[in-house]
Amino acid sequence: MELLLYIYAQSDDGMAQKLENTGRVALLVLGCPEVPVQTSIALYLMNLLKHHGIRPVIAGTKSARMLLEVADIERHYLGDLLDLDHCIAEIVEKRMDADLCFVFIHKESGISYAATMSSISRAKIIALVFGEEAHELAGQITFPCEKIVARAAHNPTPLRGKLDELAGGW
Amino acid sequence: MGCVEARHCEILASYLTFPECREFIISRFPEHYEVPPGYHIFDVYIIGIPPIVIGIEGDDVIFPYTKPCHGTFILRAQGAIEEIARLRATGKKISKKKK
């Protein structure tokens with residue numbers, strides 16, 4: 001957790017800047033893990049990011065983080081793990097930021113987090129919308145971001161395919 | 001919720017969508033301000049879809065609070081004089097639409 005805080009520091013003009021050449025950083029914002037594909041796709045995405053030289057950082061609820069930690073006990077895929085509220089505070093106070101920000105959305109509160117990230121972070125926002133109401137939820141997103149939408153709850157394959165397509169541009 | 005929890009905020013409404021939160025606050029309270037996502041109040045940073053509306057009634061402040069697993073609540077914090085002064089100084093005042 002501490003390492004991330006050394007990546008960015010506040011400059012005189014108040015903007016977060018990189019202190020050292022650490023490469024690109026992607027933030028994965030995870031809410032309540034009640035839809036099964038969330039943990040699976042988060043692990044898949046972290047691996048994909050690492051293969052493209054992008055460092056994954058998880059900001060999630062306690063249960064979302066715990067599911068990942070237990071699934072990847074030897075940390076083959078997991079990057080840094082941050083508490084979601086702490087991460088929001090750090091970005092608002094310009095003590096950290098990222099290049100890419102994937103927000104996992106399967107209920108309206110996920111849209112609230114994505115809208116907040118879109119407002120407070122300079123990262124490119126990618127909304128990963130899934131679950132039974134994925135298309136209805138995606139229709140409520142009116143702020144600028146890239147959307148990846150799949151009506152997936154138990155089967156991660158549609159989301160995986162779309163992430164593979166997206167990664168082609170990295 | 002930290003300080004918000006310690007203040008024993010009253011929960012005025014639960015599980016609302018963000019448009020419902022705005023409507024709830026604007027229709028029930030006399031003074032309203034628009035703030036950006038991430039606005040700091042007590043020890044929390046407000047999560048939400050802009051425009052985020054915070055209300056004032058007397059010495060009380062009324063604001064939306066989102067929990068990732070439970071959706072958005074409307075909370076009332078009493079005796080929030082310092083927060084109200086900061087809100088009046090930094091928020092964008094909005095008026096009720098005339099019917």
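Convention: sequence-line order gives letters A, B, ...; per-chain numbering from 1.
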Point to revise | Qualifying residues under side chain to side chain donor-acceptor pair (under 3.5 Å), relative to A:T142, sequence neighbours excluded | key: none
Review point. Looking at side-chain heavy atoms only, is the closest gap between A:Y113 and B:T66 below 4.5 Å?
Key: yes
Exercise for review: For B:F18 and A:I111, run side-chain contact (heavy atoms from CB on, under 4.5 Å): C-alpha distance rounded to whole Å, both residues' side-chain angles, the deciding distance at 0.1 Å, then the answer.
Suggested key: CA-CA 10 Å; B:F18 241 84; A:I111 300 176; over 6 Å; no
Revision key, fill the gap. Taking a cut-off of under 4.5 angstrom between non-hydrogen atoms, the residues of residues 157-168 of chain A near chain B are none
Check your understanding: What are the two closest heavy atoms between A:A115 and B:P37, and how far apart are they?
Key -> O-CG, 4.5 Å
**Study point:** Pairwise distance CD1(B:I52) to OG(A:S119) - rounded to 0.5 angstrom
**Key:** 7.5 Å
**Study point:** Contacts of B:H40 that satisfy ring pair (Phe, Tyr, Trp, His ring centres under 6.0 Å) - sequence neighbours left out
**Key:** B:Y45
Exercise for review: Show your working on side-chain contact (heavy atoms from CB on, under 4.5 Å) between B:I47 and A:I88 and close with a plain yes or no.
Suggested key: CA-CA 9 Å; B:I47 304 300; A:I88 298 280; 3.9 Å; yes
Exercise for review: With side-chain contact (heavy atoms from CB on, under 4.5 Å) as the test, would you mind laying out the steps for B:T17 and A:Q140 before giving the verdict?
Suggested key: CA-CA 11 Å; B:T17 64; A:Q140 295 174 32; over 6 Å; no
Review point. Is it the backbone or the side chain of A:I120 that comes under 4.5 Å from a heavy atom of chain B, or both, or neither?
Key: side chain
Study note, to complete from the structure: Here the pair of heavy atoms bringing B:P68 nearest to A:C32 is O-CB, 4.2 Å
Check your understanding: Quick one: what part of A:L84 sits under 4.5 Å from any heavy atom of chain B, side chain, backbone, both or neither?
Key -> side chain
Donor-acceptor pairs under 3.5 angstrom involving side-chain atoms of residues 64-75 of chain A: please list them, not counting sequence neighbours.
from  : atom 1 : to    : atom 2 : distance (Å)
A:R65 : NH1    : A:G60 : O      : 2.7
A:E69 : OE2    : A:R75 : NH2    : 3.3
A:D72 : OD1    : A:R75 : N      : 3.3
A:D72 : OD1    : A:H76 : N      : 2.7
A:D72 : OD2    : A:H76 : N      : 3.2
A:D72 : OD2    : A:Y77 : N      : 2.7
A:D72 : OD2    : A:L78 : N      : 2.8
A:E74 : OE1    : A:H76 : NE2    : 3.3
A:R75 : NH1    : A:G79 : O      : 3.3

Revision key, fill the gap. Checked B:P36, B:G38, B:G48 vs chain A; the most non-hydrogen pairs under 4.5 Å come from B:G48
Check your understanding: Would you call B:K67 and A:T61 a side-chain contact if the rule is heavy atoms closer than 4.5 Å?
Key -> no
Exercise for review: Output yes when a side-chain donor or acceptor of A:S109 lies under 3.5 Å from a complementary backbone atom of B:G71, and no otherwise.
Suggested key: no
Check your understanding: How many angstroms lie between CD in A:E108 and CD1 in B:I49, if you round to the nearest 0.5 Å?
Key -> 5.0 Å
Check your understanding: Counting heavy atoms not belonging to A:K62, are there more than 12 under 6.0 Å from its NZ?
Key -> no
